[in-house]
4 protein chains.
Amino acid sequence: MTTEVMSEDVAEGPAKPMRADARRNYERLVDAARRVFTEHGGDASMEAIAKEAGVGVGTLYRHFPKRIDVVEAVYRNDVDTLIDAAERGTLDLGPWDALASWLRAYVDYAQAKKVFLNELHEAFDKNPELKLGSRERIWAACGRLLVRAQEAGEARSDIDGEDLMQLVSPMCVHATLDPAQSERLLTMVLDGLRPPH
Amino acid sequence: MTTEVMSEDVAEGPAKPMRADARRNYERLVDAARRVFTEHGGDASMEAIAKEAGVGVGTLYRHFPKRIDVVEAVYRNDVDTLIDAAERGTLDLGPWDALASWLRAYVDYAQAKKVFLNELHEAFDKNPELKLGSRERIWAACGRLLVRAQEAGEARSDIDGEDLMQLVSPMCVHATLDPAQSERLLTMVLDGLRPPH
Amino acid sequence: MTTEVMSEDVAEGPAKPMRADARRNYERLVDAARRVFTEHGGDASMEAIAKEAGVGVGTLYRHFPKRIDVVEAVYRNDVDTLIDAAERGTLDLGPWDALASWLRAYVDYAQAKKVFLNELHEAFDKNPELKLGSRERIWAACGRLLVRAQEAGEARSDIDGEDLMQLVSPMCVHATLDPAQSERLLTMVLDGLRPPH
Amino acid sequence: MTTEVMSEDVAEGPAKPMRADARRNYERLVDAARRVFTEHGGDASMEAIAKEAGVGVGTLYRHFPKRIDVVEAVYRNDVDTLIDAAERGTLDLGPWDALASWLRAYVDYAQAKKVFLNELHEAFDKNPELKLGSRERIWAACGRLLVRAQEAGEARSDIDGEDLMQLVSPMCVHATLDPAQSERLLTMVLDGLRPPH
DNA sequence: TATGAATGAGTGTTCATTCAT
DNA sequence: TATGAATGAACACTCATTCAT
């Protein structure tokens with residue numbers, strides 16, 4: 001499990017484990033923010049987010065001193081979820097299905113990012129590690145799934161996780177991508193990924 | 001020439017062809033807006049745009065009653081310029097060079113769009129024709145250049161304009177694209193576009 | 001007449017003379033701000049000032065981009081008024097009366113300053129000229145009135161304007177000064193200022 | 001010893017003399033508040049004060065239900081310290097030195113008041129006794145020291161404690177007083193206080 | 001009892017839009 | 001007609017105060 005509330009505390013230490021109500025609100029806020037961003041765009045107001053979470057703005061600000069911190073938290077949480085999905089897939093599914101279903105999850109993740117791209121760039125500028133680290137984690141997760149499929153003889157071997165991501169990622173960022181189309185494209189990619197013959 | 005100031009008047013008719021000074025102001029405003037968007041992002045203020053154009057806000061509002069209209073005008077103007085470039089290329093360059101140079105222009109156009117993607121989506125929502133019509137015009141322009149190159153035997157024939165655009169367009173939207181990288185990718189695409197042998 | 005709306009434009013030049021309505025509002029705002037500061041203290045809100053002036057906050061901000069600029073404008077205006085009073089007194093009153101009445105005006109001015117002392121210090125920090133320049137102008141005005149009285153043989157000669165200000169000014173800043181008391185003290189000072197015999 | 005924690009309980013009675021740890025916290029809070037006011041101005045936040053004292057805001061509010069109560073406590077404590085200094089001086093120093101050193105302490109006290117003058121006025125408004133009572137206590141302390149010096153023949157006799165305070169106090173409130181200058185002025189006052197011849 | 005999380009009214013400030021000049 | 005002054009809703013953010021833990 002990678003999902004770790006306040007995962008930005010890289011060097012964890014004792015760090016007094018958030019009070020129960022605070023943690024509940026933290027999660028509630030991240031979820032609310034994602035919903036509001038999705039619904040009203042990445043420039044939604046702090047008030048709107050707090051209201052969606054059913055708390056006062058003050059609470060929102062206690063957890064996220066600056067607006068950009070909310071964006072970062074939503075993004076981190078999305079990435080965590082994606083990585084978790086890869087690990088859960090490894091446990092529950094066969095090598096090929098795990099890879100295929102994770103790629104679908106990735107497409108959703110990438111689509112979700114688009115609604116607050118502007119804000120995300122700001123967050124990246126402020127904290128370059130966020131971008132680099134996340135990309136690396138995602139590529140690694142993809143790599144693990146791919147290698148597993150390759151070792152099972154279910155995926156062609158002349159490609160690695162980074163190549164695959166370089167192919168799928170830009171495809172997702174395409175502004176005018178509807179779900180049906182992305183599914184068609186993904187299917188094509190998956191077909192191409194089968195070992196020859 | 002496709003450039004048509006105030007081209008949103010779909011049903012053209014006589015439509016009084018705008019006084020010379022008014023037209024000059026209109027163009028000045030669109031150019032200023034593009035500059036300001038590029039420099040300060042898609043959420044630049046109306047004041048900033050008016051100041052850049054050297055006029056009062058009032059004048060800006062005479063031409064564009066709502067902020068979103070400025071965004072739309074800049075976008076339309078970008079598209080017009082792109083279409084014009086295709087037509088000019090047909091006159092001045094050989095079939096292959098015209099295609100290649102237009103694709104480079106397309107990359108620039110696509111990059112420029114990114115700074116006001118949010119605003120553009122709004123404009124698309126408000127006026128779906130804008131999106132569809134522009135896409136169609138661009139695909140058509142691409143198609144004409146491609147067919148011409150194919151008929152001259154300078155491009156492979158198993159691809160059409162829409163395919164080519166579907167390939168190049170997502171590539172451009174990719175967030176982390178620097179000019180050198182986009183040039184490398186474009187070169188690769190152009191190589192792949194040559195007829196086999 | 002020293003009172004000059006927007007007197008901070010030291011190098012005047014043509015500088016396009018404020019539109020009539022704008023100038024009216026400028027003066028209205030400075031007066032309103034003084035009233036509100038007097039009534040509610042130096043930390044009164046911008047909304048309160050705008051409302052007192054009968055305009056929207058936006059208007060207040062057009063004239064004074066930062067809160068501190070309001071404080072500065074009120075102060076500059078107070079100083080201007082004080083200097084004007086000195087000049088008017090010279091025209092209308094005998095040497096001694098002019099001096100005495102101006103000192104009374106000074107006491108009022110100093111008392112008025114006290115309600116926004118904190119804010120004024122901020123303004124001084126930001127713009128040291130404000131403090132130095134104002135002090136100099138006041139001392140000079142005092143000096144002119146004193147010299148005139150001395151030349152008329154109505155004031156003792158072993159004191160100059162700066163001395164007099166150094167005496168009266170701290171007296172005024174005293175936190176717990178009520179009008180009656182300040183009048184008693186000022187009378188004492190004036191008595192001491194008469195030429196011996 | 002005049003220092004009386006929670007001295008606002010004018011009618012003392014039994015009044016349960018506060019548990020040792022509570023009293024320790026109380027003092028800690030007052031000291032912290034003074035430090036924070038000095039450092040960050042009289043409008044420092046309650047959070048800042050609590051943090052400086054190393055306690056939670058809750059604790060701060062247990063002792064001081066309203067923000068203004070903190071201001072009042074700091075002020076009362078300052079006055080108490082000043083009165084104590086007078087009494088300690090009487091025990092440890094000769095009549096003249098006790099007076100001189102206490103006046104220096106008074107200057108420090110007065111300077112300290114300036115950082116939260118606004119807040120203090122509020123406290124005075126809410127509780128006029130605070131102002132009057134404190135002034136009286138200070139004048140009395142000054143009077144006792146002065147009388148002792150006069151009886152020892154070390155100070156002129158045509159002046160009383162109130163006169164002396166009326167002279168020194170305004171001098172201190174003067175906004176632009178640096179320590180060196182205040183020392184010069186105080187020296188002058190002390191010289192003038194020596195008996196003639 | 002001490003803590004610090006939650007609250008929400010209030011602040012300074014911005015900016016799309018309207019309207020007097 | 002062009003100008004830029006006026007408007008006020010909206011925003012990010014703060015902080016005194018209350019209340020669950």
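All values below were derived from every heavy atom in this structure, side-chain atoms included, with hydrogens, water molecules and symmetry-related copies excluded. Naming: A, B, ... by sequence-line order, numbering from 1 per chain.
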> Hey, is D/Arg76 close enough to D/Glu72 for a salt bridge, meaning N to O under 4.0 Å?
Replying inline: yes
>> What is the separation between atom CD1 on D/Ile49 and atom P on E/dG4, rounded to the nearest whole Å?
In response: 17 Å
>> Tell me whether the side-chain N/O atoms of C/Thr59 come closer than 4.0 Å to OP1 or OP2 in F/dT7.
In response: yes
>> Rounded to whole Å, please give me the gap between NE2 in A/His40 and C1' in F/dC11.
In response: 16 Å
> Expressed in angstrom and rounded to an integer, what is the separation of B/Glu47 atom CD from E/dT13 atom P?
Replying inline: 18 Å
>> I need the CG-P distance between D/Asp43 and E/dG12, as an integer number of Å.
In response: 12 Å
> For A/Val55, does its backbone N or O pair with a side-chain atom of A/Thr59 as donor and acceptor, under 3.5 Å?
Replying inline: no
> Taking atom P of F/dT1 as reference, at what distance in whole Å does atom OH of B/Tyr26 sit?
Replying inline: 17 Å
Output a table of donor-acceptor pairs, distance under 3.5 Å, between side-chain atoms of residues 41-54 of chain C and any protein atom two or more places apart or on a different chain; print 'none' if there are none.
from	atom 1	to	atom 2	distance (Å)
C/Ser45	OG	C/Ala48	N	3.0
C/Glu52	OE2	C/Arg35	NH1	2.3

> Does OP1 or OP2 of E/dT13 have a side-chain N or O of C/Arg67 closer than 4.0 Å?
Replying inline: no
> Closest to the B/Ser45 side chain: F/dC11, F/dC15, E/dA16?
Replying inline: E/dA16
> Over how many whole Å does the gap from B/Leu29 atom CG to F/dA2 atom P extend?
Replying inline: 10 Å
>> Do the side chains of D/Lys126 and D/Glu122 get close enough for a salt bridge, i.e. N-O under 4.0 angstrom?
In response: no
> Got a donor-acceptor contact below 3.5 angstrom from the A/Asp31 side chain to the A/Arg28 backbone?
Replying inline: no
>> How many whole angstroms separate atom CD1 of B/Ile68 from atom C1' of E/dA16?
In response: 12 Å
> Distance check: side-chain N/O of A/His63 vs OP1/OP2 of E/dA6, anything under 4.0 Å?
Replying inline: yes
> When the distance from CE of A/Met46 to P of E/dG10 is rounded to whole Å, what number comes out?
Replying inline: 20 Å
>> Would the distance check show the side chain of B/Asn127 and the main-chain N or O of B/Phe124 forming a donor-acceptor pair, the cut-off being under 3.5 Å?
In response: no
> Going by heavy atoms in the side chains, are B/Val115 and B/Glu39 under 4.5 Å from each other?
Replying inline: no
> Does OP1 or OP2 of E/dA5 have a side-chain N or O of A/Asn25 closer than 4.0 Å?
Replying inline: no
> Do the charged groups of C/Lys114 and C/Glu119 touch, with an N to O distance under 4.0 Å?
Replying inline: no
> What is the bend of the helix from E/dA2-F/dT21 to E/dT21-F/dA2 when you compare the axis at one end with the axis at the other, using five pairs each and rounding to 10°?
Replying inline: 0°
> Between A/Arg62 and E/dG4, does any side-chain N or O lie under 4.0 Å from OP1 or OP2?
Replying inline: no
For nucleotides 18-21 of chain F, tabulate all protein N/O to nucleotide N/O atom pairs closer than 3.5 Å, reporting atom names and distance.
none

>> Apply ring pair (Phe, Tyr, Trp, His ring centres under 6.0 Å) to residues C/Phe64 and C/Tyr26 and explain how you reach the verdict.
In response: CA-CA 9 Å; C/Phe64 308 102; C/Tyr26 180 94; 5.4 Å; yes
